[in-house]
Number of protein chains: 2
Amino acid sequence: MTASPAPHLPGAVLRPVRGHHAFEACVEQLATAIRLGVYPLGSTLPPERELATMLHVSRATLREAMAALREAGLVQTTRGRGGGTVVTLKPRTPPARAAARISAARRGDWLDALEFRRIVEPGAAYLAASATLDQEHLGQLERAHAEVAAATKTAQHRQADSRFHLTIASLSGSPRTVEAVTSVQATLHEMLLAIPVLGTNIAHSDRQHAALVRAIESGNAERARKTMEQHCDDTAALLRGLVG
Amino acid sequence: MTASPAPHLPGAVLRPVRGHHAFEACVEQLATAIRLGVYPLGSTLPPERELATMLHVSRATLREAMAALREAGLVQTTRGRGGGTVVTLKPRTPPARAAARISAARRGDWLDALEFRRIVEPGAAYLAASATLDQEHLGQLERAHAEVAAATKTAQHRQADSRFHLTIASLSGSPRTVEAVTSVQATLHEMLLAIPVLGTNIAHSDRQHAALVRAIESGNAERARKTMEQHCDDTAALLRGLVG
DNA sequence: GAAAAATGGTATGAACTCAGACCATTGCTT
DNA sequence: AAGCAATGGTCTGAGTTCATACCATTTTTC
């Protein structure tokens, strides 16, 4: 008798200590940031030394990642003062949707992301509405909203939408919340790329966005959360059918 | 003009690609699992080869971590068939609370964890109540609840409480949710160790636990969430005062 | 009692990552 | 035109981590 052995938790609690090699992780983070529109088309990434510091990675490793991005056509690099790495982002439509016969594990992760999203994004909206926002924050929010409302092409709209949601998360002032929303948005983005593009009801979505902005600006936390919940539910309903 | 340069998001979105060396991460995960009571006193950890696989780490690296745990007095190891590594856990009260003059960064992370917790744990409760639970799940939940209600000594109670919350998370069936709750509970645990132990109002806490179990078993998701929110708020109120 | 099985203990060479220094190119300032 | 500054490009040696064997000890099985 080795005393009460562990119950059911170990399998759930212990998780891989790190997904992959450092440079792969860099590629993933940067590519995600670019695809989500954190660095829009034509913008310049921070200098290598700075990025390396941000990611807690040696410059050598970061450079390997940059080389990969360059080879993938996401960025271009020029030397010398005023040079740097700019985003070119050939949107790289899903590398052959045909090949994307979605594995069961991936599908499971997607569905999980939808569930988790319906927890964290409403939570982020709640926090954002609870926070006291200065002019700069309000400006960020309204700008993000204006961009998503103005976007016409789907790819643009997708990026602007990601940026909008990430902006709300960043207004929450909670790093863990930002991280969770980033992860969820990345997966969402992946799903939308792999799934036969559905004509997202943009008008409907924009009405919800507008309501969100109003709720957050007026500090109505409860309402911001409800609105975001509805927004997540609407998106999820569309996607679940096509994935499940 | 390098096109719309990135706004405010990069700083929030890009995060360290991996905190530390692999073996440190192993130590942290295992120590956390032990302290949270996933592996209770006297229980045997899985064989090294198995743990290494779970954590996606080479056995060599895992063994370094085990050596550290052994040296720290958390576990003991015996060889041969039927041997293995058992939890001895000299509870190691906070390695000198005096030395724990808490850095500002740490304090910030703690407060962030409290905010994030109030998002994810209620969400986990909501999902758990929404899920259809079979006999085994119900048994896990009731056992976890019984243990936390029966615990007398504070250290025991703390572990049982962690297990209770992790069990609810695991009932949600959402890996991302489990991960989030695990992270939050680990930080909470750290806080409680470093803070002059307050006589948590155990009776009050247990009433809330009981209400949670009822709500989850009856499938009342909305109510489970509200109850958990209240529970988190009550805990947070106590802690914020002592940390802020 | 002998063989098998399960477990921890040890060793080796390849690959990855790091930190730091230095080089090369380009634009800005004087 | 000369020098400075900012940026990417290259090199090197040390430290980690990995994968894969193989060894040693104990219990179980026959």
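FYI, side chains are in, hydrogens and waters are out, and symmetry mates aren't considered; it's all heavy atoms of this structure. Residue numbers begin at 1 in each chain, while the letters A, B, ... track the order of the sequences.
If you measure from atom CG of B/L51 to atom P of D/dC18, you get 14 Å, rounded to the nearest angstrom. What separates CZ of B/F23 from P of D/dC18 is a distance of 12 Å, to the nearest Å. Taking atom CD of residue A/Q76 and atom C1' of nucleotide C/dT26, one finds them 17 Å apart after rounding to whole Å. As a whole-Å value, the separation of B/L62 CG from D/dT17 P is 12 Å. When rounded to the nearest whole Å, the span between CG of A/L55 and P of C/dT17 equals 13 Å. To the nearest angstrom, P of D/dC18 lies 9 Å from CD of B/E64. Going from atom CD of A/E24 over to atom C1' of C/dA15 covers 13 Å, rounded to whole Å.
The 5' end of DNA chain C is approached more closely, in terms of each residue's nearest nucleotide, by A/A60 than by the other of A/G82 and A/A60. Toward the 5' end of DNA chain D, the nearer of the two residues A/R81 and A/R63, judged by each one's closest nucleotide, is A/R81.
Distance from the side chain of A/R49 is smallest to D/dG8 among C/dT7, D/dG8, C/dC18. The side chain of B/S58 approaches D/dA19 more closely than any other nucleotide in the set C/dT17, D/dT7, D/dA19. Across C/dG8, D/dG9, C/dC18, the shortest atom-to-atom separation from the side chain of A/V57 is found for C/dC18.
An OP1 or OP2 oxygen of D/dC18 is reached within less than 4.0 angstrom by a side-chain nitrogen or oxygen of B/T61.
Between the side chain of A/R79 and the base of C/dG27 there is no donor-acceptor pair of N/O atoms closer than 3.5 Å. Between the base of C/dG9 and the side chain of B/R59 there is a donor-acceptor pair shorter than 3.5 Å.
Salt-bridge check for A/R158 with A/D161: passed, with a basic side-chain N closer than 4.0 Å to an acidic carboxylate O. The pair B/E115-A/R176 does not count as a salt bridge, with every side-chain nitrogen at least 4.0 angstrom from each carboxylate oxygen.
Counting only residues at least two apart or on different chains, the salt bridge (Lys or Arg N to Asp or Glu O under 4.0 Å) pairs with a member in residues 40-62 of chain B are B/E48-B/R59, B/E48-B/R63.
Within the model, atoms CG of A/D134 and OG1 of A/T132 stand 8.0 Å from one another, a figure rounded to the nearest 0.5 Å. Here CZ of B/F164 is found 10.0 Å from NE2 of B/H157. Values are rounded to the nearest 0.5 Å.
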